[in-house]
Amino acid sequence: MNEIESVGKSENFLDQIIRSELSGGFDKKNLRFRFPPEPNGYLHIGHAKSICINFGFGKEFSSPVNLRFDDTNPEKENTEFIDSIKNDIKWLGFDWDEECYASDYFDQLYDWAAHLIREGKAYVDDQDQVKIAEQRGVPSSPGTNSPFRERDVQTNLDLFHKMKTNHFKPGECVLRAKIDMNSPNMHMRDPVMYRIINHEHHRTKDHWVIYPTYDWAHGQSDYIENISHSFCTLEFEVHRELYDWFIENIPKKKKLLPKQSEFARLNVSYTIMSKRKLLELVESNVVDGWSDPRMPTISGMRRRGIPPDAIRNFCDKVGVSKRENIIDFALLDFCTREVLNKTAYRLMVVLDPVELEIINYPEGKNEMLTAENNQEDSSYGRREVSFSKNLYIERDDFKEESNRKYFRLSIGKEVRLKNGYIIMGDKVEKDKNGVITKIFCTYDPNSRSGSGTEESLRKVKGTIHWVDKNNHEIIDVNLYDRLFKIQSPDENKEVDFKSHINENSLIKVKNVYAESSIKNVNFDNYYQFQRKGYFKLDSKNEKLTFNRTVTLRDTWKS
RNA sequence: UGGCUCAUGGUGUAACUGGUAACACGUCUGGUUUUGGUCCAGAAGAGUCUAGGUUCGAGCCCUAGUGAGCCAACCA
């Protein structure tokens with residue numbers, strides 16, 4: 001975006017923070033952002049918001065954005081997650097400047113911790129976790145000091161060195177910052193800086209047995225990388241005081257210090273965003289892994305067929321503020337349809353077929369009709385579709401009797417076969433249960449689409465899609481719906497969120513009739529099965545399988 | 001000894017730092033259309049949580065309430 005364009009545009013409060021600093025003399029060259037995921041899960045739509053915010057500022061101000069893995073807890077993190085995160089960010093269309101790891105700073109962090117000890121601002125505490133928690137007290141009343149709080153510097157230094165050199169077992173002791181056990185902010189009550197974890201780290205392997213906590217690592221990493229603005233979600237608001245305290249108390253050579261600002265995390269109706277719960281769905285096999293098309297993960301949405309531009313547009317429309325919010329699922333659907341309408345190749349596929357015979361169409365005749373691949377964009381070209389006497393149409397595109405509001409086929413009523421002829425319903429054939437097994441109709445031979453004849457130009461209220469009975473492909477289709485039945489599945493902590501799962505969130509439809517040109521589909525393109533919705537190829541084995549991304553908007557009220 | 005944050009149509013975000021609320025989604029009309037899609041035109045829907053105060057004038061400032069969220073992991 002250039003300067004002109006950005007002028008009239010309303011800015012969010014993060015924008016305003018940056019701009020007011022810029023106008024206050026902050027050099028634009030010193031702007032630098034970062035996206036700091038922990039590699040302990042797959043990225044989801046909530047992360048996409050954060051990615052769009054940080055990388056968006058990078059674009060807006062032509063500033064570098066680091067990708068930094070907050071890998072301070074080896075028990076939960078691994079390289080599978082790192083790879084997926086990098087892949088997802090790229091797919092969303094963003095590039096980072098430097099690929100960083102908090103673990104790259106472990107040496108520096110250790111030295112700084114020793115410095116704090118020497119300054120009398122950190123100490124080794126031999127108490128166990130429950131004792132420490134007890135002494136921390138509750139928010140409404142002060143805590144009490146640890147009996148180890150006043151250890152002398154040399155003792156602390158020795159102990160800290162021993163922690164590092166594997167003299168203690170996990171839980172035996174921790175390094176704590178010496179701040180204020182009386183602070184109304186719980187995070188200032190001598191927070192833990194290092195704990196002992198005997199677990200191989202995916203990068204530093206077995207080099208370390210002590211690991212810095214989030215609070216001790218995050219701000220310092222920002223400082224090391226010259227991050228100017230450290231944006232995070234609201235729950236870190238109470239951490240800011242500690243973030244600032246650490247940076248204030250390390251020995252600094254730089255004058256520009258990073259600043260943390262917080263925005264509200266994204267919530268979307270009918271889904272969950274908690275990584276822990278998403279993991280639970282994966283591990284309990286409720287879904288088909290992290291990339292199940294019903295998952296709000298980036299990889300799930302990709303497999304579902306939601307294009308990256310749609311996700312970016314969505315994040316843009318969602319806005320940035322400090323208010324708790326629940327975004328209507330319909331907004332994501334809108335964004336998806338908006339880009340797919342312009343980009344999807346159209347095909348004719350009949351999901352729930354019933355046979356249609358054209359009585360007056362010559363037996364054995366076959367003709368190829370011309371169809372547009374995308375009526376929004378002629379550059380998508382045209383294709384040929386096979387047509388003959390016997391076809392399949394959608395079962396609910398026919399009613400024996402109908403009123404004026406029903407535009408589709410019925411006895412004595414005309415309808416257009418998409419790209420083909422105008423037909424009129426004649427009679428039906430039923431089985432002994434009264435279920436229609438075949439529909440008979442007559443066609444107007446002069447009404448072929450594109451023929452330019454007077455008959456072909458006639459206005460008919462309805463148009464339906466169809467597939468040639470004698471020339472088609474057979475595919476499988478996965479019909480997806482929202483994963484949960486209620487708007488806020490994890491709102492009530494008493495009830496297991498999994499009890500709200502929509503048991504119809506996946507309907508597998510086998511042996512669906514599709515026009516034969518579907519043989520030519522590929523994984524890069526997006527498709528619209530006309531009048532049915534947008535679909536994405538999921539697998540291309542002997543049999544094609546498609547995932548329904550989203551239905552077409554439907555305003556018809558019967 | 002509790003602290004911090006937030007409060008604008010159904011949803012989300014704006015409102016040039018004081019000049020009687022705008023945009024998007026959704027909803028509802030009508031038109032176009034060989035997708036009941038798209039597109040086009042239009043409508044309804046809030047007087048900005050409450051009560052005071054400052055001011056010629058307040059969604060924006062002040063005070064007090066009310067409601068909601070976050071914080072008591074050796075998670076991030």
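These numbers were taken from a predicted model, which means no experiment stands behind them. Scope of the values below: all heavy atoms of this structure, side chains included, with no hydrogens, waters or symmetry mates. Each chain gets a letter, A, B and so on, in the order the sequences are listed, and its residues count up from 1.
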Base-pairing assignment for B/A46 (Watson-Crick or G-U wobble, both under 3.5 Å) = none
Separation of the C1' atoms in B/A7 and B/G12, to the nearest angstrom | 14 Å
Mind calculating the distance between CZ (A/Phe13) and C1' (B/A15) to the nearest angstrom?
-> 17 Å
Check: B/A76 base within 3.5 Å donor-acceptor of A/His239 side chain = yes
Under 4.0 Å between a side-chain N or O of A/Ser321 and OP1 or OP2 of B/U13?
-> yes
Does A/Arg553 place a side-chain N or O at less than 4.0 Å from the phosphate oxygens OP1/OP2 of B/U27?
-> yes
Are A/Thr72 and B/A76 close enough that a side-chain N or O sits under 4.0 Å from OP1 or OP2?
-> yes
For the side chain of A/Arg195, counting heavy atoms from C-beta on, which of B/G3, B/C75, B/A72 is nearest?
-> B/C75
A/Glu235 has a side chain; which of B/C70, B/U35, B/C25 sits nearest to it?
-> B/C70
Paired nucleotide for B/G57 [Watson-Crick or G-U wobble; both distances under 3.5 Å] | none
Taking B/C25, B/G37, B/C75 as options, the one with an atom nearest any side-chain atom of A/Phe334 is B/C25
So what does A/Lys418 hit on the nucleic acid, given a heavy-atom distance under 4.0 Å: a base, only sugar-phosphate, or nothing?
-> base
Without swapping roles, check the side chain of A/Lys49 against the backbone of A/Ala264 for a donor-acceptor pair under 3.5 Å.
-> yes
Closest to the 5' end of RNA chain B, once A/Glu77 and A/Asp554 are matched to their nearest nucleotides, is A/Asp554
Between A/Tyr421 and A/Phe387, does the ring centre distance come in under 6.0 Å?
-> yes
Is there a donor on the side chain of A/Glu241 or the base of B/G3 sitting less than 3.5 Å from an acceptor on the other?
-> no
Mind checking A/Tyr211 for me? I need base, sugar-phosphate or nothing, with any heavy atom below 4.0 Å counting as a touch.
-> nothing
A/Tyr243 and A/His239 aromatic centres sub-6.0 Å = no
Reckon A/Arg136 has a side-chain N or O less than 4.0 Å from the OP1 or OP2 of B/C74?
-> yes
Does the side chain of A/Thr555 get closer than 4.0 angstrom to OP1 or OP2 of B/G37 through an N or O atom?
-> yes
Options B/C74, B/U35, B/G69, nucleotide nearest the side-chain atoms of A/Arg531 = B/U35
Base partner of B/G36, which must satisfy Watson-Crick or wobble distances under 3.5 Å | none
On RNA chain B, more 5' by nearest nucleotide between A/Lys532 and A/Tyr194 is A/Lys532
Contact class for A/Asn40 (heavy atom, under 4.0 Å): base, sugar-phosphate, or nothing?
-> nothing
B/G2 pairs with, by Watson-Crick or G-U criteria that keep both distances under 3.5 Å = B/C71
Reckon A/Gln16 has a side-chain N or O less than 4.0 Å from the OP1 or OP2 of B/A15?
-> yes
